[in-house]
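Read through the structure below, which is laid out as C-alpha cells, and then see the notes.
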Amino acid sequence: MANSPQAKKRARQNEARFAVNKMRRSRIRTYLRAVEEAIVSGDKDAAQAALKAAQPELMRGVTKGVYHKNTAARKMSRLAARVKAVG
C-alpha cells in the first residue's frame, strides 16, 4: 500500500495511464481484427484497405509506448504477407 504522498500520486498516475493504454490497445486490436476478417473472407481489396487503415494505428501505438517498435513491425510484416497471399 502506498503511504507517502508521492507514492499515492504515482499510484493514481499508473491507474490513469493503464486505462488510457488499455483503450489504445483495444483500438489497435479492433483494426487488426478487421484485417484478419478481410483475409479470412478472401476479399483482397478489403484486406488491403483494412491493412492501410491499421498501419497508422499500430505505429501510433508505438509512439505512445503501447507496443515496442519491433513488435509493431513484425505484426505489420506478417499481416502484409498474408494480405499479399490472398486471392
Side-chain angles (χ1 to χ4, degrees):
M1 180 63 203
N3 289 320
S4 69
Q6 180 183 11
K8 289 178 183 176
K9 179 179 180 179
R10 187 42 92 182
R12 288 193 310 268
Q13 288 174 329
N14 286 338
E15 282 182 29
R17 190 173 297 113
F18 175 77
V20 170
N21 285 340
K22 188 174 180 182
M23 287 186 291
R24 286 181 179 142
R25 244 190 325 272
S26 175
R27 181 179 166 89
I28 292 168
R29 284 194 196 115
T30 301
Y31 277 89
L32 296 180
R33 195 173 304 117
V35 178
E36 293 286 345
E37 289 171 1
I39 290 171
V40 170
S41 72
D43 188 356
K44 189 163 189 163
D45 291 334
Q48 287 174 335
L51 181 65
K52 195 170 180 115
Q55 281 178 327
E57 284 300 320
L58 197 52
M59 290 305 140
R60 188 169 297 120
V62 172
T63 61
K64 299 296 183 180
V66 178
Y67 286 114
H68 189 274
K69 64 180 180 178
N70 290 353
T71 302
R74 183 181 66 243
K75 285 179 184 288
M76 289 311 310
S77 176
R78 288 178 181 175
L79 277 176
R82 289 180 60 202
V83 167
K84 187 176 179 183
V86 171

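Throughout, numbering of the chain's residues begins at 1 and tracks the sequence.
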Query - Working for side chain to side chain contact (heavy atoms under 4.5 Å, CB included), residues D45 and Q48 - result: CA-CA 5 Å; D45 291 334; Q48 287 174 335; 4.0 Å; yes

Query - Verdict with reasoning, Y67 to K75, per side chain to side chain contact (heavy atoms under 4.5 Å, CB included) - result: CA-CA 11 Å; Y67 286 114; K75 285 179 184 288; 4.2 Å; yes

Requested in this report: Determine, step by step, whether L79 and E36 satisfy the side chain to side chain contact (heavy atoms under 4.5 Å, CB included) criterion, reporting the C-alpha distance in whole Å, the side-chain angles of both residues, the deciding distance to 0.1 Å, and the verdict.
Outcome: CA-CA 8 Å; L79 277 176; E36 293 286 345; 3.6 Å; yes

Report task. Decide side chain to side chain contact (heavy atoms under 4.5 Å, CB included) for T71 and V62; before the verdict, give the C-alpha distance in whole Å, the side-chain angles of both, and the deciding distance to 0.1 Å. Result -> CA-CA 9 Å; T71 302; V62 172; over 6 Å; no

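Nearest heavy-atom pair, A54 versus L32, reported as atom, atom and distance to 0.1 Å: CB-CD2, 4.3 Å. Among all heavy-atom pairs drawn from A46 and A38, the shortest one is C-CB, 3.8 Å. Considering all non-hydrogen atoms of both residues, I28 and L58 come closest at CG2-CD1, 3.5 Å.
Taking 4.5 Å as the limit, every side-chain heavy atom of R24 sits out of range of all side-chain heavy atoms of E57. Side-chain contact between V20 and R17 is absent, with no heavy-atom pair separated by less than 4.5 Å.
Atom CD in E37 sits 7.0 Å away from atom CZ in R33 (nearest 0.5 Å). Here the NZ-CZ distance, from K69 to R74, works out to 14.0 Å after rounding to the nearest 0.5 Å.
Counting non-hydrogen atoms of neighbouring residues, nucleotides and ligands closer than 6.0 angstrom, the NZ atom of K44 exceeds 12 such neighbours. Residue Q13 places its CD atom among more than 12 non-hydrogen atoms of other residues, nucleotides or ligands, all under 6.0 Å distant.
The existence of a salt bridge linking E15 and R12 is excluded, since no basic side-chain nitrogen approaches an acidic carboxylate oxygen closer than 4.0 Å.
A continuous path of hydrophobic side-chain contacts links V35 to M59 [ILVMFWY only; heavy atoms under 4.5 Å]. Hydrophobic clustering of Ile, Leu, Val, Met, Phe, Trp and Tyr side chains at less than 4.5 Å, counting indirect connections, keeps V66 apart from Y31.
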